Amino acid sequence: MASQRIGETGLSESGPSSHHVPYGVLHGINTPPSGLMNQGSAFDFGELEEAIVLQGIKITNDEAKASLFAGRPSATLEMFPSWPMRFHQTSRGGSSKSGGESTDSGSGVNTLSSKTELQFETESPISIKASSSDHHQAFDQQQQQEQETATDASRKGTSQNQSAAKSSHEKRKGAGSTSEKQLDAKALRRLAQNREAARKSRLRKKAYVQQLESSRLKLTHLEQDLQRARSQGLFMGCGGAGGNISSGAAMFDMEYARWLEDEQRNMAELRAGLQAALSDGELRVIVDGYLSHYDEIFRLKGVAAKTDVFHLINGMWTSPAERCFLWIGGFKPSELITMLIQQLDLLAEQQIMAIYGLRQSSLQAEEALTQGLEQLRDSLVDTIAGGSIGIASGDGVQQMMAAMGKLVSFEGFVSQADNLRQQTLHQLCRLLTVRQAARCFLVIGEYYGRLRALSSLWASRPRDTLITDDNSCQTTTELQMVHPSQNHFSTF
Amino acid sequence: MHFQAAASWSGYVAGPPRAVVVAADPVERIQRLASENAVVIFSISTCCMCHAIKRLFCGMGVNPTVHELDEDPRGKDLERALMRLLGGTSVVPVVFIGGKLVGTMDRVMACHINGTLVPLLKEAGALWL
């Protein structure tokens with residue numbers, strides 16, 4: 001019972017701070033020795049208990065608290081971890097509230113427990129010998145404890161000192177027995193050592209708690225970052241993984257993120273402008289604003305191409321779905337026009353013809369650039385492999401230098417491709433009325449917005465091994481996000 | 001007779017035979033070359049962008065006259081002259097249509113997209129419907 005209780009509490013307290021409590025549980029543990037036997041300790045508590053019983057130790061509630069802290073000063077004891085692993089085994093048999101004084105803090109318990117642990121390993125059957133703890137004051141057992149070996153000490157203390165009412169560690173209350181005198185010198189020493197051990201214990205506990213706190217903070221930060229990245233849905237698996245992203249590329253990615261925020265704002269303006277049925281002049285302002293918005297991204301790409309053209313070409317700055325349709329670092333104008341022809345209505349025949357003509361011109365230009373790029377790639381292959389590759393013919397430095405010269409040409413192609421995209425958008429605008437142009441840009445913005453949303457959805461789709469509530473919630477949310485925009489498409 | 005023959009020969013400079021050139025000035029040469037055909041492209045044989053522009057015109061059904069500057073003995077001069085004419089880093093390809101300067105790839109593509117290239121070609125006689 002009591003011992004079992006002890007065992008339970010012992011088991012439940014694995015942390016340093018918990019030690020205060022369990023001892024309360026140890027109140028009035030009048031466990032019979034048999035309880036101790038159940039603990040499975042390394043040594044036989046039975047004998048100890050017997051001794052205790054023989055001693056006629058009475059355990060009181062008050063004493064219980066004080067007890068177990070018999071710090072058994074011993075050189076070896078200070079090596080122990082401050083938190084006993086087998087606290088329950090000390091079972092202070094319940095009775096062993098060491099009358100030992102409690103140390104300054106609960107960590108005294110730790111010391112006791114740890115010492116107890118040691119006892120388990122090394123002790124021979126308990127013999128109530130003089131224990132080193134004599135802060136268990138005023139107990140007959142104290143005398144016996146003093147006789148114990150140092151290793152025995154704590155255990156003894158626990159077993160014997162339950163009755164220790166002792167409240168203050170320093171006091172040597174003794175019942176005025178003669179043993180008190182003997183205890184003085186040793187007691188002082190042990191007190192000091194116990195305090196030392198307790199202090200160390202406290203420091204370790206403090207360090208551990210601090211570590212826990214900082215880890216917790218780190219965890220919340222990580223979760224926030226993850227949330228943010230996921231909500232953007234853009235940079236999943238982007239080149240940032242592995243830290244291979246260059247600074248120019250990183251800067252462009254940041255500016256692109258900001259451009260996307262601008263995009264949302266422009267879209268909102270377009271939507272609002274159309275619904276509010278603004279005048280043509282006012283709409284013209286909004287449409288021109290949207291064109292400048294696109295001019296801006298082409299300008300940014302031009303700057304980025306100078307520092308890291310490969311980043312633009314491999315499309316790591318776009319969402320995966322957009323990347324699927326990538327053509328020389330961006331969208332293919334003819335594909336965009338094909339989509340628009342399907343979605344835009346209320347066009348005059350002349351306008352339709354003109355837009356088909358625009359698509360034709362764009363196709364021709366795209367074909368030319370594609371073929372030019374093909375030739376560049378073929379020439380690059382020849383340059384890099386050039387000369388007897390594979391055969392011990394040097395380190396290929398010469399080839400590298402030649403290839404570097406060719407790489408510069410990639411920038412030209414990205415630049416021309418962006419130029420084509422920009423010219424196409426401007427020409428579209430010229431072919432349409434203001435209202436039509438506003439609707440056209442709304443369609444374009446929505447279309448790419450859907451591609452980005454698709455990328456997020458796809459990346460967070462529930463998979464067999466990764467099904468979590470978070471995933472399904474996010475999917476639902478994103479589906480809801482996509483849905484409202486469909487209404488806008490239908491007006492076209 | 002012989003004297004006259006000798007006198008008539010004295011005007012020629014000994015050296016590798018070459019065409020009589022009225023103007024050695026590269027700019028004038030460019031202009032002359034540009035006027036000789038409807039569509040004239042100054043190019044460099046290894047330049048991939050030049051390849052792209054050639055494919056663009058061929059794709060449209062135009063047969064341009066291409067002058068490869070790296071295969072011309074005085075190509076360097078022409079290149080420098082073109083650079084002065086246009087500015088910018090990449091000087092080739094440069095396109096003349098109907099003797100008039102259109103520009104580099106940038107301009108040519110912009111003209112094509114905004115629909116002014118085809119009329120220009122038709123006007124120069126390089127395209128028939």
Side-chain angles (χ1 to χ4, degrees), chain A residues 298 302 305-306 328 333-334 336-337 350-351 353-383 402 405-431, chain B residues 39 41-64 66 68-71 79 82-83 86-95 97 102-123 126-129:
Chain A
F298 293 130
K306 290 183 175 43
I328 314 188
S334 57
L336 182 66
I337 295 171
Q350 191 193 7
Q351 286 176 315
M353 295 303 297
I355 292 178
Y356 271 109
L358 176 61
R359 183 173 78 162
Q360 182 65 11
S361 309
S362 184
L363 272 167
Q364 285 169 339
E366 288 162 19
E367 184 60 27
L369 285 176
T370 302
Q371 290 197 16
L373 196 60
E374 267 309 306
Q375 196 195 52
L376 176 61
R377 283 204 278 252
D378 288 345
S379 135
L380 193 62
V381 167
D382 285 343
T383 305
K406 294 225 153 98
L407 289 184
V408 178
S409 311
F410 276 102
E411 189 197 320
F413 278 94
V414 173
S415 166
Q416 292 305 327
D418 276 345
N419 177 39
L420 184 64
R421 291 183 260 265
Q422 189 177 23
Q423 293 298 326
T424 304
L425 285 174
H426 279 262
Q427 178 68 3
L428 252 182
C429 204
R430 274 177 235 126
L431 294 176
Chain B
V39 179
I41 304 177
F42 290 97
S43 153
I44 288 176
S45 58
T46 57
C47 166
C48 299
M49 196 57 78
C50 300
H51 180 73
I53 212 167
K54 289 174 215 166
R55 297 252 51 82
L56 176 64
F57 282 110
C58 295
M60 289 163 60
V62 175
N63 190 22
V66 180
E68 305 284 5
L69 296 179
D70 54 333
E71 291 166 4
E79 222 180 303
L82 283 169
M83 207 175 310
L86 297 158
T89 47
S90 71
V91 78
V92 287
V94 181
V95 175
I97 298 180
V102 175
T104 60
M105 188 59 147
D106 250 13
R107 285 293 314 146
V108 171
M109 294 236 290
C111 286
H112 192 33
I113 291 297
N114 67 27
T116 57
L117 188 65
V118 170
L120 212 57
L121 288 166
K122 284 187 181 165
E123 202 184 343
L127 257 187
W128 292 276
L129 261 170

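Protein chains get the first letters and strands the later ones, always in sequence-line order, with residue 1 at the start of each. What you see is a predicted model, and the numbers here were worked out from it, not measured in a lab.
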task: Using side-chain hydrogen bond (donor to acceptor under 3.5 Å, both in side chains) as the criterion, list what pairs up with Arg377(A), not counting sequence neighbours.
output: Glu374(A)
By side-chain hydrogen bond (donor to acceptor under 3.5 Å, both in side chains) - contacts of Ser45(B) (at least two apart):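 Partners of Ser45(B) under the side-chain hydrogen bond (donor to acceptor under 3.5 Å, both in side chains) test: Asp70(B).
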task: Measure across Cys48(B) and Gly372(A) and return the closest heavy-atom pair with its distance rounded to 0.1 Å.
output: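 Cys48(B) and Gly372(A) have their closest heavy atoms at CB-O, 3.6 Å.
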Report all side-chain donor-acceptor pairs from residues 361-368 of chain A shorter than 3.5 Å, counting only partners two or more places apart or in another chain.
{"unit_1": "Ser361(A)", "atom_1": "OG", "unit_2": "Gly357(A)", "atom_2": "O", "d": "3.0"}
{"unit_1": "Ser362(A)", "atom_1": "OG", "unit_2": "Glu366(A)", "atom_2": "OE2", "d": "2.8"}
{"unit_1": "Gln364(A)", "atom_1": "OE1", "unit_2": "His112(B)", "atom_2": "NE2", "d": "2.8"}
{"unit_1": "Glu366(A)", "atom_1": "OE1", "unit_2": "Ser334(A)", "atom_2": "OG", "d": "2.7"}
{"unit_1": "Glu366(A)", "atom_1": "OE2", "unit_2": "Ser334(A)", "atom_2": "N", "d": "2.8"}
{"unit_1": "Glu366(A)", "atom_1": "OE2", "unit_2": "Ser334(A)", "atom_2": "OG", "d": "3.2"}
{"unit_1": "Glu367(A)", "atom_1": "OE2", "unit_2": "Gln371(A)", "atom_2": "NE2", "d": "3.0"}

message: At a heavy-atom distance under 4.5 Å, which candidate from Leu373(A), Leu376(A), Thr370(A) has the highest pair count against chain B?
response: Leu376(A)
- request: Answer yes or no: does atom CG of Asp378(A) have more than 12 heavy-atom neighbours from other residues, nucleotides or ligands under 6.0 Å?
  value: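 Count over threshold, so yes.
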message: If you count heavy atoms of other groups shown closer than 6.0 angstrom to CD of Glu71(B), is the number above 12?
response: yes
- line: Per side chain to side chain contact (heavy atoms under 4.5 Å, CB included), Ile113(B) is matched among Leu428(A), Leu420(A), Leu425(A) by Leu420(A)
- request: Can you spot which of Arg55(B), Met49(B), His51(B) makes a side chain to side chain contact (heavy atoms under 4.5 Å, CB included) with Gln375(A)?
  value: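 Of Arg55(B), Met49(B), His51(B), side chain to side chain contact (heavy atoms under 4.5 Å, CB included) with Gln375(A) is met by His51(B) alone.
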- prompt: Contact part of Met109(B) toward chain A, heavy-atom cut-off under 4.5 Å: side chain, backbone, both or neither?
  reply: side chain
query: Considering only heavy atoms, which portion of Cys58(B) lies under 4.5 Å from any heavy atom of chain A: side chain, backbone, both, or neither?
result: neither
message: Quick check on the structure: residues of residues 405-418 of chain A within a heavy-atom distance below 4.5 Å of chain B, by number.
response: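 At a heavy-atom separation under 4.5 Å, chain B is reached by Gly412(A), Phe413(A), Gln416(A).
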query: Checking heavy atoms, do the side chain of Gln427(A), its backbone, both or neither come under 4.5 Å from chain B?
result: side chain
field: Rounded distance (nearest 0.5 Å) linking atom CE of Met105(B) with atom CG of Leu369(A)
entry: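 Atom-to-atom, Met105(B):CE and Leu369(A):CG are 4.5 Å apart.
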field: Separation of Asp106(B) CG from Gln423(A) CD (nearest 0.5 Å)
entry: 8.0 Å
- request: Could you have a look at Ala110(B), Gly59(B), Gly115(B) and say which one has the most heavy-atom pairs with chain A under 4.5 angstrom?
  value: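 When all of Ala110(B), Gly59(B), Gly115(B) are compared, Ala110(B) has the most.
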